[in-house]
Amino acid sequence: MRTSAVVLLSLAAACVRTAPRGASSLKEAFAGDFRIGAALNPAQFTGRDTAGAAIVRSQFNTITPENVLKWESVHPRPGVYDFAAPDRYVAFGQANEMRIIGHTLVWHNQTPRWVFQDSDGRPASRDTLLARMRDHIHMVVGRYRDKIFGWDVVNEAVDEDGSLRRSPWSAIIGPDFIEKAYSYAREADPGAELYYNDYSLENAPKRNGAVALIRKLQSEGIHIAAVGLQGHYKLDWPSVAQLDTTIDAFAALGVKVNITELDVDVLPPVTRGPAAEVTAQGTSRAGSNPYFAGLPDSVQRKLAQRYADLFQEFMRHRDVIDRVTFWGVGDGDSWLNNWPVRGRTSYPLLFDRQHRPKPAFDAVMRVVRQPRKQ
Ligand code: GLA
């Protein structure tokens, strides 16, 4: 063999990475590429779920709170803040030297009705709602200043057709509720990264709307560190090509792209609505919970292949991806067991109900280093 061919071959071999030698965890396998995270429930961050907490410590280096920093949990009544659970969440992250994410400040779901009402139950005025938003953001972000690394400031403000979603925030304040949220967050913690987070941005109309939104914010001098693609995926949606276009579209704006709520739903669809609208309700019918007794090998293999394809794509974009966070730890913890119909048996994550790694875990660990996207 000619020397140049030998050199080329050994260069190629050096670029190919099965799990790096000795890597037994996701965080080690992708060290230097991006962080790997999980959304945590209280049982995990208090250690009550000992097996779950052990997986979190060994596998992940960034965490997101599944619910405890949402408005309804942390600020349930006017003037009443409850920091007991989020304090434990942050302490867990600090004790384990993890990158701690805050989720989420301004969203239309899991926000109590009083936030949007005056004392007579009529819609609050713009000024009242802005004052409440500012107070909330200052209290919550201020408390964890220099501890929480970055915040999902606005969650899900864009509709499927790319227009601004009609929500109590946009209806009462107007479209500039978004700018206001980011400037309050910036005041409250000048050092924190601020993110925009949404689902189904892989679909062109919604993505175009989000691109326009980020551009507008940038033109107003607001610094968005990253766009979060929630990543509530299916076996057949989005295509790798859609994902590729989406990551490129946001990277072209000079922002990072994080995968913030990754899971892959293998169950049959029971709604016709958009992928991850938490208020969607499906109709249970014969066949809608097909794997209650276990996941057939054929589907297990499809899931593993899907995860391998996704991580290969993430690796191609590792220059712009800072973190890939799963929405849960083991299959038993996932919201997809109860959404959009209650009581199904779902298999969307890399660890099973006994916290054992699934074939999808092995597939992700074997993902080879892809050439960087030029
Ligand atoms: C959205 C939210 C998350 C979570 C998921 C599903 O994606 O951003 O906080 O509620 O829905 O549970």
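All residue numbers in this chain count up from 1 along the given sequence. Worth saying up front: this structure is predicted, and the values here are computed from it rather than measured. As the structure lists them, so they are numbered: ligands from 1, and atoms in each ligand from 1.
- Listed by number with element, the atoms of ligand 1 under 4.0 Å from a non-hydrogen atom of Asn155 are 2 (C), 8 (O).
- In Gln354, the CD atom is crowded: over 12 heavy atoms of neighbouring residues, nucleotides or ligands sit closer than 6.0 Å.
- Residue Lys302 qualifies as open at atom NZ: its count of foreign heavy atoms under 6.0 Å is 12 or below.
- The shortest contact between atom 9 (O) of ligand 1 and any protein heavy atom is with His103 NE2, 2.5 Å.
- No side-chain heavy atom of Asp265 sits under 4.5 Å from any side-chain heavy atom of Pro348.
- The contact set between ligand 1 and Trp107, taken as ligand atoms under 4.0 Å from a residue heavy atom, comprises 2 (C), 10 (O).
- Residue His232 has at least one N or O atom closer than 3.5 Å to an N or O atom of ligand 1.
- Using a 4.0 Å cut-off between heavy atoms, Tyr199 makes no contact with ligand 1 at all.
- Regarding atom 5 (C) of ligand 1, its nearest protein heavy-atom neighbour is Glu261 OE1, 3.5 Å.
- Counting the atoms of ligand 1 from 1 in the order shown, those under 4.0 Å from a heavy atom of Glu156 are 1 (C), 7 (O), 8 (O).
- Checked against His232 for a ring pair (Phe, Tyr, Trp, His ring centres under 6.0 Å), the options Trp237, Trp335, Tyr199 give a single hit: Trp335.
- The shortest N or O to N or O distance between Trp335 and ligand 1 is not below 3.5 Å.
- Summarising the geometry of Phe292 relative to Thr345, their closest heavy-atom pair is CA-OG1, 3.6 Å, with the distance given to 0.1 Å.
- Ligand 1 places these atoms under 4.0 Å from at least one heavy atom of Gln110: 10 (O).
- Looking only at heavy atoms of the protein, atom 11 (O) of ligand 1 is closest to Val278 CG1, 3.1 Å.
- A donor atom on one side chain and an acceptor atom on the other are found under 3.5 Å apart for Asn155 and Asn197.
- Residue-ligand proximity, Lys70 to ligand 1, at heavy-atom distances under 4.0 Å covers atoms 3 (C), 4 (C), 9 (O), 10 (O).
- The closest side-chain donor-acceptor pair between Arg88 and Thr46, if any, does not fall under 3.5 angstrom.
- Between Phe311 and Phe30, the distance separating the two ring centers is shorter than 6.0 angstrom.
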